[in-house]
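Input: a single structure, listed below in structure tokens.
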Amino acid sequence: MAPLTTAPRGTKDILPAEISRWQYLERTLLTTAELFGFKEIRLPTFEHTELFCRSVGETTDVVGKEMYTFTDKGNRSITLRPEVTAGAARAAIEHGLLGDALPVKLSYAMSCFRYEKPQSGRFREFNQFGVELYGATSPAADAEIIALAQEAYNTLGVRDIIVELNSIGCPACRETYHKALREYFESRKEQLCDTCLDRLVKNPLRILDCKNPDCGKIAETAPKMLEYLCGDCTDHFTQVKALLSQSGIAYMVNPTIVRGLDYYTRTVFEFVYTDKDGNRSVCGGGGRYGGLLKALGGQDYEGIGFAMGLERLLKVMTEQGCDFPPENTCDVYLVSMGAAAELKAFQLANVLRSDGFFAQSDLMGRSLKAQMKYANKIGAKYTIVLGDNELAENKATLKSMNSGTTSSIPLDDKFSDAIYEEIMKTAYADLAEVAEKL
RNA sequence: GUGGGUAUAGCGUAGGUGGUUAACGCGUCAGUUUGUGGCACUGAAGACCGUGGGUUCGAGUCCCACUAUCCACCCCA
């Protein structure tokens with residue numbers, strides 16, 4: 001297909017047929033966050049490149065090779081956000097949000113951009129829902145973020161998803177751990193894959209995450225971060241786990257979780273979905289970031305956050321057959337015959353709309369039968385046929401497309417009220433009918 | 001960045017060993033005698049068979065390249 005009729009690689013259109021699902025997801029997630037006190041924030045799509053280099057980290061894949069970076073006409077280096085945490089932190093600092101009552105709680109639903117090779121559940125522009133919390137060092141903050149994410153999954157009816165937890169310590173204890181890790185892998189260098197040899201120099205933590213079976217085997221017996229945590233970090237981790245247990249939130253400690261972004265300290269976690277064939281996929285993740293705000297020039301407050309990929313969430317929900325709210329369809333379709341009736345239908349449709357109904361009338365000049373067909377096709381709940389007879393008698397027949405029952409409606413200023421009344425009546429009747437069948 | 005699959009109407013597909021107007025289902029539109037939808041039936045519109053080369057008298061069908069797309073690895077959401 002010609003470039004003009006093809007969306008760029010890795011992007012996709014969200015079509016009218018699927019929009020109600022997306023609106024439902026975003027609405028539900030943001031509302032859940034609100035229950036925990038998180039307020040939505042909306043951020044620019046692009047930021048100064050430097051922001052991501054400084055926060056996410058130069059050595060990460062995200063910054064190293066996946067950013068959409070360009071120079072604008074003012075000769076600034078600009079990057080489409082590959083994630084939201086950095087931009088949110090920047091905005092919080094810039095607008096003095098951290099001067100407000102602590103903790104500061106932010107939520108968002110926005111798209112992010114990464115130059116990756118697209119595949120199942122992975123796009124170059126993808127949508128994330130997430131939350132950020134600033135100013136709290138307490139383990140309860142970590143637990144609350146995890147509880148929020150779990151609550152979101154529960155509310156949406158997602159099953160077979162569990163949070164896997166780890167602590168990667170503070171900079172102090174991580175240094176001793178890095179040393180121990182390097183020593184361990186150094187002595188087994190010959191068995192590591194090429195990328196891991198590279199990781200050994202740059203960030204030995206990532207070797208633990210390697211999918212190569214040989215590396216995985218070596219990693220199994222490698223020193224565990226959890227054994228190298230300092231006293232404070234150990235306490236913190238213990239309390240996070242205790243809080244989760246007390247709240248009945250199931251979790252698993254997974255010492256191999258290291259996360260791909262450099263700003264994390266202490267608690268890191270991933271929400272892992274296991275499908276019926278046993279395939280695991282990460283549906284969301286997050287963690288605490290101790291030094292990020294300060295590194296960006298803000299107060300020395302800690303932050304903690306979580307993000308989930310909406311495309312992946314939607315995929316999981318579809319696989320699991322989760323319920324979505326029914327689509328909003330036309331309440332009343334006004335069928336007209338003849339020029340005078342067409343005029344009247346147009347006018348009455350407007351009356352209905354200003355009274356809050358979802359109403360439509362014919363725009364195609366179709367025959368009565370064709371209009372009825374159309375009304376049926378778009379899922380109209382009721383139809384009203386207008387012709388010369390109705391105009392003469394100043395009343396028309398309201399028909400329930402569900403049950404076929406009809407009733408008379410005056411074409412005067414009681415129009416909307418009469419329709420409302422009838423709809424309530426027949427809706428109850430329809431419900432009763434359904435209930436009886438059950 | 002590495003490896004594999006696929007590209008035929010809006011969607012889903014058929015088109016053995018190359019041969020005149022590319023087929024079917026769904027969808028769309030119009031009808032089935034004039035004022036009532038869902039079913040059924042009739043008809044219509046809609047594809048230069050991803051793009052560009054090549055082989056051949058002749059290619060949707062064979063070969064090459066490119067592009068797009070899907071899947072896996074890497075990494076991540």
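In what follows, chains are A, B, ... by sequence order, proteins preceding strands, each numbered from 1.
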Please report, rounded to the nearest Å, how far the [atom2] atom of [N] is from the [atom1] atom of [X].
X	N	atom1	atom2	result
A:Glu116	B:A72	CD	P	13 Å
A:Met67	B:C76	CE	P	15 Å
A:Asp13	B:C11	CG	P	13 Å
A:Tyr115	B:C76	OH	C1'	17 Å
A:Ile257	B:A77	CD1	C1'	14 Å
A:Phe123	B:U69	CZ	P	12 Å

Quiz prompt | Proximity to the side chain of A:Lys117 - top-ranked nucleotide from B:A72, B:A77, B:A68 | solution =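 Looking only at side-chain atoms, A:Lys117 lies closest to B:A72.
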
Quiz item: With no angle test and no hydrogens, is the base of B:C76 tied to the side chain of A:Arg312 by a donor-acceptor pair under 3.5 Å?
Solution: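 For A:Arg312, whose side chain was compared with the base of B:C76, there is a donor-acceptor pair (under 3.5 Å).
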
Quiz item: Does any N or O donor sit under 3.5 Å from an N or O acceptor when you compare the side chain of A:Glu270 with the base of B:A77?
Solution: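 Answer no: no donor N or O sits under 3.5 Å from an acceptor.
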
Regarding [X], tell me which of base, sugar-phosphate or nothing describes its non-hydrogen contacts under 4.0 Å with the strands shown.
X	result
A:Cys112	nothing
A:Gly121	base
A:Glu83	nothing

Quiz item: Below 4.5 Å, heavy atoms only, C-beta onward: do A:Tyr273 and A:Gln320 meet side chain to side chain?
Solution: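 Contact flag for A:Tyr273/A:Gln320 side chains = yes.
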
Check whether any side-chain N or O of [X] sits under 4.0 Å from OP1 or OP2 of [N], and answer yes or no.
X	N	answer
A:Gln119	B:A72	yes
A:Arg9	B:A68	no
A:Thr6	B:A68	no

Please state the [atom1] separation for the pair [N] and [M] - nearest whole angstrom.
N	M	atom1	result
B:C70	B:U13	P	15 Å
B:A14	B:C57	P	32 Å
B:A40	B:U51	P	36 Å
B:G54	B:G18	C1'	15 Å
B:A7	B:C66	C1'	13 Å
B:A47	B:G12	C1'	15 Å
B:A45	B:A30	C1'	10 Å
B:C26	B:G38	P	15 Å

Practice problem: Decide whether A:Thr79 and A:Thr69 meet the rule of one side-chain donor and one side-chain acceptor closer than 3.5 Å. | Solution: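 Yes.
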
Quiz item: Quick one: do the A:Glu125 and A:Thr11 side chains pair a donor with an acceptor below 3.5 Å?
Solution: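 There is no such pair between these side chains.
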
Got more than 12 heavy atoms from elsewhere within 6.0 Å of [atom1], [X]?
X	atom1	answer
A:Lys224	NZ	yes
A:Phe358	CZ	yes
A:Glu319	CD	yes

Self-check item: Axial cation check for A:Phe123 ring with A:Lys12, 6.0 Å and 45° limits
Solution: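 Yes, a cation-pi geometry.
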
Taking the six-membered ring for Trp, are [X] and [Y] parallel (under 30°), tilted (30 to 60°) or perpendicular (over 60°)?
X	Y	result
A:Tyr289	A:Tyr263	perpendicular
A:Tyr177	A:Tyr228	tilted
A:Phe70	A:Phe46	perpendicular

Exercise. Using a 4.0 Å heavy-atom cut-off, write out nucleotides 27-40 of chain B from 5' to 3' as B (base contacted by protein), S (sugar-phosphate only) or - (no contact).
Key: -SSSBB--BBBB--

Practice problem: Toss me the dot-bracket line for RNA chain B: Watson-Crick and G-U wobble, both under 3.5 Å, 5' to 3', using | for pairs to another strand and [ ] for crossers. | Solution: (((((((..((((.....[...)))).(((((.......))))).....(((((..]....))))))))))))....

Quiz prompt | Whichever of A:Arg122 and A:Pro118 has its nearest RNA chain B nucleotide further upstream toward 5' | solution =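 Final value for this comparison: A:Pro118.
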
Quiz prompt | For A:Leu352 against A:Leu334, the heavy-atom pair lying closest together | solution =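 Closest approach of A:Leu352 to A:Leu334: CD1-CD1, 4.1 Å.
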
